[in-house]
Amino acid sequence: YVMDVLFDVTRKSDWEFCLIGVEYVIHLAGHLDQYDTDTDFSRYIDVNVKSVSLLFEVIAENNLPIKKIIVASSQSVYGDYPELEYEIYKATPISMYGASKAAMEHILLTLGKNCGIPVAALRYSIVLGPGQKFKDVDSRIVPAFIDMARRGEIFIHENGFQKRDFINIHDLVEAHLLFLEKGEGVYNVGSGQCTEVIEVANYIAEKFGAKVIPTGRKRINTARNQLMNIDKIKSLGWMPRLGWKEAVDEFMKESESSLTPGSS
């Protein structure tokens, strides 16, 4: 079953309906808005934390035979660590999104233990690839850069030398399939590679003949550098196979197709 737009993860009745006959749960729903403008703080709790509690409520009350629960967490729980982020580090979020994801992890691990259900929280780095929408430009680097490149100029925060870890969506999917079979607890899921934001901007700008313009403006409540160690997940036999350039190329191909008259 896919619990998508017709359902609401903050409604217990929707969980009761969707969990019938289910053995594994992959919880990807999350609230992520603009860090510098969103003040609907309780929405983060409702979607990112309460939903996990409701999931376990339904399982416990109906004695459902769930074999495993996997949830989407985020590297945002680390906050602004000045070095590589390891799973053993204490969560020190600097945004409401990161704080809600850290709380979600605690709820997941506690209730998983209490209910005797294996659980895994996957802390994603920045995910790139097909399926992202241009309406998400405020929180999606590739759609945002492509949208600006089509107008001739890509504006980037600070000087563009912020360091990031970008993971290809296909590698992330493979990680979830792996965790259906093995792995419990908290795991970083990224490429393990350092990429500067300006590298992505220049790569996209070149395809459109656009300029890249650093604004010097810092994004509020966002770490300057976000790099994760992925040794723990690699010990399970998982390795990233694709890079961020492949993700950009595939997204561009998909988006160009959607803009072509008569395409479906």
Side-chain angles (χ1 to χ4, degrees), residues 28 30 32 35 70-95 97-99 101-102 105 120-132 136-146 154 156-176 178-179 183 185-204 212 214 218-219 221-251:
L28 304 179
L32 171 62
Y35 292 160
I70 303 168
V71 302
S73 187
S74 168
Q75 67 177 165
S76 294
V77 302
Y78 292 112
D80 199 4
Y81 267 98
E83 54 193 41
L84 277 180
E85 300 158 344
Y86 289 81
E87 292 90 343
I88 60 172
Y89 287 177
K90 181 181 179 181
T92 55
I94 58 175
S95 68
Y97 175 71
K101 285 294 186 178
E105 290 183 1
L122 307 186
R123 292 175 175 172
Y124 301 173
S125 64
I126 300 173
V127 186
L128 303 183
Q132 294 180 310
D136 300 327
V137 293
D138 291 314
S139 58
R140 302 290 183 260
I141 184 172
V142 173
F145 283 179
I146 290 176
I154 298 178
I156 56 178
H157 289 93
E158 301 186 36
N159 59 6
F161 297 121
Q162 306 93 296
K163 295 177 174 61
R164 295 287 186 268
D165 180 315
F166 298 109
I167 183 171
N168 190 297
I169 182 62
H170 297 294
D171 287 331
L172 185 61
V173 169
E174 290 297 323
H176 285 78
L178 170 71
F179 276 91
V186 176
Y187 285 81
N188 290 338
V189 186
S191 68
Q193 301 294 318
C194 171
T195 303
E196 293 177 342
V197 171
I198 199 167
E199 292 181 57
V200 181
N202 285 334
Y203 184 75
I204 293 174
V212 175
K218 188 181 187 303
R219 188 167 184 179
N221 299 333
T222 302
R224 174 171 172 77
N225 299 313
Q226 293 177 296
L227 302 172
M228 297 196 303
N229 177 277
I230 59 171
D231 288 347
K232 187 177 179 181
I233 187 173
K234 286 167 66 177
S235 71
L236 298 178
W238 177 89
M239 284 285 292
R241 299 178 297 105
L242 302 169
W244 64 265
K245 290 183 180 179
E246 289 90 341
V248 171
D249 291 342
E250 189 173 1
F251 177 85

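Without hydrogens or angle criteria, Y78 side chain to Y86 main chain gives a donor-acceptor distance under 3.5 Å. At distances below 3.5 Å, not a single donor-acceptor pair connects side-chain atoms of D165 with backbone N or O atoms of S125. With K218 contributing its side chain and T222 its backbone, the two residues share a donor-acceptor pair below 3.5 Å.
Between I204 and I154 the shortest side-chain heavy-atom distance falls below 4.5 Å. Under the 4.5 Å side-chain criterion, counting only non-hydrogen atoms from C-beta, Q162 is not in contact with Q226. Side-chain contact check for W244 versus V200: some heavy-atom pair is nearer than 4.5 Å. Contact of the I198 side chain with the V212 side chain is registered, since non-hydrogen atoms from C-beta on lie closer than 4.5 Å. No side-chain heavy atom of F166 sits under 4.5 Å from any side-chain heavy atom of Q193. Contact annotation: the side chain of E85 never approaches that of L227 to less than 4.5 Å [non-hydrogen atoms, C-beta and beyond]. Contact annotation: the side chain of Y81 never approaches that of M228 to less than 4.5 Å [non-hydrogen atoms, C-beta and beyond]. In this structure the side chain of V189 never reaches within 4.5 angstrom of the side chain of P240, judged on heavy atoms.
Every residue meeting the ring pair (Phe, Tyr, Trp, His ring centres under 6.0 Å) condition with H176, not counting sequence neighbours, appears here in chain and number order: Y124. Legend: residues meeting salt bridge (Lys or Arg N to Asp or Glu O under 4.0 Å) with E105, ordered by chain and number and at least two apart, are R123.
In this structure, CD on Q75 lies 8.0 Å from CG on N188, to the nearest 0.5 angstrom. Atoms CG and CG, on L172 and L242 in that order, are 12.0 Å from each other to the nearest 0.5 Å.
Of all the heavy atoms in V77 and G98, the pair that sits closest is CG1-O, 3.7 Å. Summarising the geometry of K101 relative to A72, their closest heavy-atom pair is NZ-O, 2.6 Å, with the distance given to 0.1 Å.
Surrounding NZ of K245 are at most 12 heavy atoms belonging to other residues, nucleotides or ligands under 6.0 Å away.
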Problem set entry | Step-by-step side chain to side chain contact (heavy atoms under 4.5 Å, CB included) determination, Y203 to T195 | CA-CA 12 Å; Y203 184 75; T195 303; over 6 Å; no
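Between H170 and E250, the side chains place a donor N or O and an acceptor N or O closer than 3.5 Å (distance only, hydrogens not considered).
For Y187 and F179, the gap between ring centers is short of 6.0 Å.
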